[in-house]
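Notes follow once the structure below has been shown.
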Number of protein chains: 2
Amino acid sequence: MTLKELSELLGLSPTTVSRALNGYPEVSEATRKRVTAAAREYGYAPNTRARSLATGRAMAIGHVIPISAKHEMVNPVFADFIAGAGEVYSRNGYDMLLSVVPDEDEVDAYRGFATKGNVDGIILHAPTLNDPRIELLNTLGLPFVVHGRSSDTDGPYAWVDVNNTRAFQRATDFLLDLGHRRIALVNGLEHMDFAIRRRAGYEGALAARGIAPDPALMFAGEMTETHGHDITRALLAGPTPPSAILVSSMITAIGVRRGMEEMGLRMGRDISLITHDDELSYFRNGADIPVYTSTRSSVRDAGRKAAGMLIDIIERRDTPREILLEADLTLGQSTGPAVTV
Amino acid sequence: MTLKELSELLGLSPTTVSRALNGYPEVSEATRKRVTAAAREYGYAPNTRARSLATGRAMAIGHVIPISAKHEMVNPVFADFIAGAGEVYSRNGYDMLLSVVPDEDEVDAYRGFATKGNVDGIILHAPTLNDPRIELLNTLGLPFVVHGRSSDTDGPYAWVDVNNTRAFQRATDFLLDLGHRRIALVNGLEHMDFAIRRRAGYEGALAARGIAPDPALMFAGEMTETHGHDITRALLAGPTPPSAILVSSMITAIGVRRGMEEMGLRMGRDISLITHDDELSYFRNGADIPVYTSTRSSVRDAGRKAAGMLIDIIERRDTPREILLEADLTLGQSTGPAVTV
DNA sequence: CATGATGCTCAAAGCGCTTTGGAAGTCGGG
DNA sequence: CCCGACTTCCAAAGCGCTTTGAGCATCATG
């Protein structure tokens, strides 16, 4: 069913039908009613490709997911972010275009979005320190919003981020208040901007109490369960194990906990743990009482906010271009006063 | 940069340029070289919308992710499936279109795909018993592939599935061989087809040894960590706890394990656990020696297979329309002989 | 009654591409 | 030297929609 067919059926011109459907004022209320009723009856919906060719708007937002041959890994945070963003897209009539590419082709993927004109905007994921993709997107001239920030990148760009520095500084402070002095940090890969900031928060809190950060207590790696487990085993088997561990992801924290328990330590009593919790929908941190004490910020909500901002930019609405979300510090059962081992 | 501009630059007609770029034989090799070089130089890529309007092919595959208000939950398996499928799409020049909708709008989303013509095919996720969406898609006439199957649905449809029945039957058999008699089943929601089949495998294995399934040992629910934990606590606190637990997902198994350990039981020694493992990239089952004994099947690989099949169907290639993957039964540290409690 | 304003509708152009149906140009065979 | 067969290229139509610019009634106003 095309617009032309529908209009012939109604005895109207395509123009009028189009205007009726798109809410233009030049068409009488009676005609509009008649048209929309017919459209519903015959199941007519304008062809997206034709429409966007005519309007110049793709009505779609692009996301690029790089797949690395080295660490074959899809960020678990991604699924929840997508869900949040996707909600907002559908509500506003946008589609979401996902491009899964080998990471060496990532730049081409962005270029492709721009030249092939199949999206109106882009969300940039997982920015690194001084991320070159930001400049690329700026030169491509396609609206975009970054989920996270990129330190050392100058020039303005739109972003939605959690206050990672503050969150980890508060978490560290809290552990220090409980009497912990040897606090380990199990961080994400430290070319990632969020990891850099978390580390800065951690080190800042230590420094404020005159404690020099111990490199032997600081780790960076992929945020998998296994990684958390292995590091914890190694740490606890060492000569001077920490009394508390600060972890960058719930998933890693699960592994850390497993390591602790395998070493015969009871989490929350013998050793403390604070994790960052992205509030992944399928990985709730306990029911009523959280299992883990955590710095908490909903990644799904970040997705919604980023999507909303991007649509605002595309549609030239005047709204803030920077959103900094504060993480809550939520008390769970995984922390307690430092015990002298 | 449009085709017309490029052709003027080259002193050729748009027709010739288009044909050169699309590999038609009517254009000389010399011209083709000249055209492709110019295209590269000026960064020309055909506008997707215009092209697909002209060809009638959207060069995109649609996925619908329903978001439920009740159980706000994005299937974690989804991310990995998407990654696998997405790989194949990009390699074949297809885009992936994700539609995140409230689940009451799911039917509309499929209808929308069909009438708005923005996809050439659809992947159907998480089929239930006698899933009405299959008939819907059949009447819509859009090529589709189901990830999973739908029992009680007659009429052929294309699918990629794991042999869930066989996997759980084997796992149960294995536990029985180890002397276990009271084996609990922590399953996914049992309107889901995969859960029905897993239960059938479990019950079949028990029946083969003359053991009547005990309803008090069978559970169905969302496959979250918390759910596994809570069920396990309840089970182990009961009068006649099981000596082994069969779990439908790694994530749930993590919770089950947590419950076991909280109750003072050592997994693999005091109590056994077998889980199904979808081989999620961020949730490896141990490094060299698997932590959990598991029925194992890569969901990412299923994604690749489903995507490949769908593209074959769209492009009218003649390939099998049904793929049944066998899950491995991988031995880990979570199982051992039954101990009399 | 003439005039302009207003409300409703339409014809036609154009978005950027593919593709059909030729039309020139080239070449070898009769 | 002519003719058919290729080879190489092009003009123009068409994909399904939006949107510009007008046209035709109808209505209130001076």
Side-chain angles (χ1 to χ4, degrees), chain A residues 1-36 38-39 42-60 93-95 112-120 315, chain B residues 1-36 38-39 42-60 93-95 112-120 315:
Chain A
M1 171 69 56
T2 71
L3 182 66
K4 198 172 150 207
E5 286 166 23
L6 186 66
S7 67
E8 278 164 6
L9 232 53
L10 284 163
L12 292 171
S13 79
T15 311
T16 306
V17 175
S18 169
R19 292 198 148 149
L21 256 25
N22 290 318
Y24 279 67
E26 295 92 335
V27 56
S28 74
E29 231 11 83
T31 314
R32 189 190 310 282
K33 281 241 176 61
R34 208 158 64 87
V35 171
T36 50
Y42 296 104
Y44 169 78
N47 180 298
T48 311
R49 307 189 296 262
R51 158 181 273 198
S52 68
L53 182 58
T55 57
R57 315 253 288 95
M59 295 310 285
Y94 283 80
D95 290 324
F113 276 153
T115 60
K116 298 194 299 180
N118 46 3
V119 302
D120 298 317
E315 301 183 352
Chain B
M1 170 69 57
T2 71
L3 181 66
K4 198 171 149 207
E5 286 167 23
L6 186 66
S7 66
E8 278 164 8
L9 232 53
L10 284 162
L12 292 172
S13 79
T15 311
T16 307
V17 175
S18 168
R19 293 198 148 150
L21 257 25
N22 291 318
Y24 280 68
E26 294 92 334
V27 57
S28 74
E29 226 17 75
T31 314
R32 191 190 308 284
K33 283 240 175 62
R34 208 159 64 88
V35 171
T36 50
Y42 297 104
Y44 167 79
N47 180 298
T48 311
R49 306 189 297 263
R51 155 181 275 200
S52 68
L53 182 57
T55 56
R57 315 251 289 93
M59 293 312 284
Y94 284 79
D95 289 323
F113 275 151
T115 60
K116 298 194 298 178
N118 45 3
V119 302
D120 298 317
E315 301 183 351

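When reading the values below, keep in mind they use all heavy atoms of this one structure, side chains included, and skip hydrogens, waters and symmetry mates. Chain letters run A, B, ... following the sequence lines, proteins first, then strands; residues in each count from 1.
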**OP:** Measure the spacing between OG1 of A:Thr2 and OH of A:Tyr44 and express it to the nearest 0.5 Å.
**Re:** 7.0 Å
**OP:** With DNA chain D as reference, determine whether B:Pro14 or A:Leu3 sits nearer its 5' end, using the nearest nucleotide of each.
**Re:** B:Pro14
Subject >> Pair listing, salt bridge (charged side-chain N to carboxylate O under 4.0 Å, His left out) test, anchored in residues 23-32 of chain B, at least two apart >> reply: B:Glu29-B:Arg32
**OP:** Might you point out which heavy atoms bring B:Pro14 and B:Leu3 nearest each other, and give the distance in Å?
**Re:** O-CD2, 3.8 Å
Original post:
Roughly how far, to the nearest 0.5 Å, is NZ of B:Lys4 from CG of B:Leu6?
Top reply: 13.0 Å
Using distance only, find each side-chain donor-acceptor pair of residues 15-25 of chain A under 3.5 Å and give its atom names and separation, not counting sequence neighbours.
from: A:Thr16; atom 1: OG1; to: A:Ser13; atom 2: OG; distance (Å): 3.2
from: A:Asn22; atom 1: OD1; to: A:Arg51; atom 2: NH2; distance (Å): 2.9
from: A:Asn22; atom 1: ND2; to: A:Ser18; atom 2: O; distance (Å): 3.2

**OP:** Keeping the roles fixed (side chain from B:Asp120, backbone from B:Ala58), state whether a donor-acceptor pair exists under 3.5 Å.
**Re:** yes
**OP:** Verify, without hydrogens or angle tests, whether B:Thr48 (side chain) and A:Lys116 (backbone) share a donor-acceptor contact under 3.5 angstrom.
**Re:** yes
Original post:
Under the side-chain contact (heavy atoms from CB on, under 4.5 Å) criterion, do B:Met1 and A:Thr115 qualify, and how do the steps go?
Top reply: CA-CA 8 Å; B:Met1 170 69 57; A:Thr115 60; over 6 Å; no
Original post:
Once you round it to whole Å, what is the distance between C1' of C:dC10 and OH of A:Tyr24?
Top reply: 16 Å
Original post:
How sharply is the helix from C:dC1-D:dG30 to C:dG30-D:dC1 bent, taking the axes over five pairs at either end and rounding to 10 degrees?
Top reply: 60°
Subject >> Pairwise distance CE(B:Met59) to CZ(A:Arg49) - rounded to 0.5 angstrom >> reply: 11.5 Å
**OP:** Treat primed atoms plus P, OP1 and OP2 as sugar-phosphate and everything else as base, then score nucleotides 20-26 of chain C 5' to 3': B for base contact with protein heavy atoms under 4.0 Å, S for sugar-phosphate contact only, - for none.
**Re:** BB-----
**OP:** Could you pick out which residue, A:Ser18 or B:Pro25, lies toward the 5' side of DNA chain D when each is mapped onto its nearest nucleotide?
**Re:** B:Pro25
**OP:** Ignoring backbone atoms, establish whether A:Thr16 has a side-chain N or O less than 4.0 Å from OP1 or OP2 of C:dT9.
**Re:** no
Original post:
Of all of residues 47-55 of chain B, which get a heavy atom below 4.0 angstrom from DNA chain C, listed by number?
Top reply: B:Asn47, B:Ala50, B:Arg51, B:Ala54, B:Thr55
Original post:
In Å and rounded to the nearest 0.5 Å, what is the CG to CG distance from B:Asn118 to A:Asn118?
Top reply: 12.0 Å
**OP:** Could you list where the contact with chain B starts and ends along DNA chain D, reading 5' to 3', using a 4.0 Å heavy-atom cut-off?
**Re:** D:dT8 to D:dG16
Original post:
When you look at B:Thr55 and B:Ser52, which way does the side chain to side chain donor-acceptor pair (under 3.5 Å) test go after all the steps?
Top reply: CA-CA 5 Å; B:Thr55 56; B:Ser52 68; 5.6 Å; no
